[in-house]
Peer 1: 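For reference, the structure I am asking about is given below.
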Amino acid sequence: TRSPSKRPSARPTSSPSKACSNPGNCMNYLKDQMFAVSVRVGTPMETLDNRNSAHYKASQWILEECDATTPIDLCSTSQMLLREQRYALSVLYFSLG
């Protein structure tokens, strides 16, 4: 068997950053959020990848926020709820043509 690892250090080390606090993860974080919303309402997964679907168009529109000059706060709970509402409404908008 292997010997035990070294004892923990006396000083804490920095913890890994949360996805929402790293601006480089903006697109991945928003994609995960939109995926979760779509799963909750029963959207078939192939719809999310179909470039002609309202879901795909809505997700692309929401993802433009990552390139906005004013950064979005990914960690804010109220902003998360607003983004979910915006996504749902934009799916409705794009489904109407």
Side-chain angles (χ1 to χ4, degrees):
T1 62
R2 294 176 19 182
S3 62
S5 61
K6 296 180 183 179
R7 294 187 55 176
S9 62
R11 290 185 327 169
T13 56
S14 62
S15 62
S17 63
K18 296 190 313 188
C20 61
S21 63
N22 184 348
N25 291 335
C26 180
M27 285 197 161
N28 290 331
Y29 189 79
L30 291 179
K31 284 180 184 178
D32 288 347
Q33 186 179 10
M34 289 181 286
F35 177 79
V37 169
S38 298
V39 167
R40 280 197 313 258
V41 297
T43 302
M45 294 303 104
E46 57 273 3
T47 303
L48 301 174
D49 294 327
N50 180 350
R51 291 180 178 262
N52 296 318
S53 75
H55 292 81
Y56 180 85
K57 292 174 183 177
S59 67
Q60 294 306 301
W61 181 70
I62 296 290
L63 289 174
E64 288 178 10
E65 290 183 3
C66 290
D67 295 329
T69 53
T70 305
I72 58 175
D73 183 1
L74 295 172
C75 294
S76 166
T77 304
S78 63
Q79 289 297 311
M80 287 173 59
L81 294 172
L82 287 174
R83 275 193 306 278
E84 287 185 5
Q85 292 171 356
R86 288 182 61 224
Y87 175 65
L89 290 172
S90 62
V91 169
L92 178 62
Y93 171 81
F94 284 110
S95 68
L96 296 174

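Just so you know, residue 1 is the first one in the sequence shown, and it goes up from there. Bear in mind that the values here come from a model prediction, so they are computed numbers and not experimental data. When reading the values below, keep in mind they use all heavy atoms of this one structure, side chains included, and skip hydrogens, waters and symmetry mates.
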Peer 1: Please tell me if the side chains of Ser95 and Leu92 come closer than 4.5 Å, counting only heavy atoms from C-beta onward.
Peer 2: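 Result yes, sub-4.5 Å side-chain heavy-atom pair found.
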
Peer 1: Hey, is NZ on Lys57 packed in by over 12 heavy atoms from elsewhere, all under 6.0 Å?
Peer 2: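 Yes.
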
Peer 1: Tell me, do Gln60 and Phe94 make a side-chain contact under 4.5 Å, heavy atoms counted?
Peer 2: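 No, too far: nothing below the 4.5 Å cut-off.
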
Peer 1: Using the rule that two of Ile, Leu, Val, Met, Phe, Trp, Tyr join whenever any of their side-chain heavy atoms come within less than 4.5 Å, decide whether Val37 and Met45 are in one cluster.
Peer 2: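 They do share one cluster, since a chain of ILVMFWY contacts under 4.5 Å joins Val37 to Met45.
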
Peer 1: Are Leu30 and Tyr56 linked, directly or through intermediate hydrophobic residues, by side-chain heavy-atom contacts shorter than 4.5 Å (ILVMFWY only)?
Peer 2: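 Hydrophobic grouping puts Tyr56 apart from Leu30.
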
Peer 1: What's the spacing between Gln85 CD and Ser90 OG if we round to 0.5 Å?
Peer 2: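 It comes to 11.5 Å.
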
Peer 1: Mind checking whether Leu89 and Tyr93 have side chains closer than 4.5 Å, heavy atoms only?
Peer 2: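 Heavy-atom side-chain distance check fails, nothing below 4.5 Å.
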
Peer 1: Can Leu82 be reached from Tyr29 by stepping across I, L, V, M, F, W or Y side chains whose heavy atoms are under 4.5 Å apart?
Peer 2: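 No, no single cluster joins them.
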
Peer 1: If the condition is salt bridge (Lys or Arg N to Asp or Glu O under 4.0 Å), which residues does Arg40 pass it with, not counting sequence neighbours?
Peer 2: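 Result, salt bridge (Lys or Arg N to Asp or Glu O under 4.0 Å) vs Arg40: Glu84.
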
Peer 1: With a 3.5 Å distance limit and no angle check, can you tell me whether Ser38 reaches the backbone of Thr43 through a side-chain donor-acceptor pair?
Peer 2: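 Judged by distance alone, no pair lies under 3.5 Å.
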
Peer 1: Could you grab the distance from atom CD of Gln33 to atom CG of Leu81, nearest 0.5 Å is fine?
Peer 2: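 Taking CD in Gln33 and CG in Leu81, the distance rounds to 8.5 Å.
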
Peer 1: Would you say that Leu63 contacts Met34 through its side chain, given a criterion of any heavy-atom pair below 4.5 Å between the two side chains?
Peer 2: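 Touching, per the 4.5 Å side-chain cut-off.
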
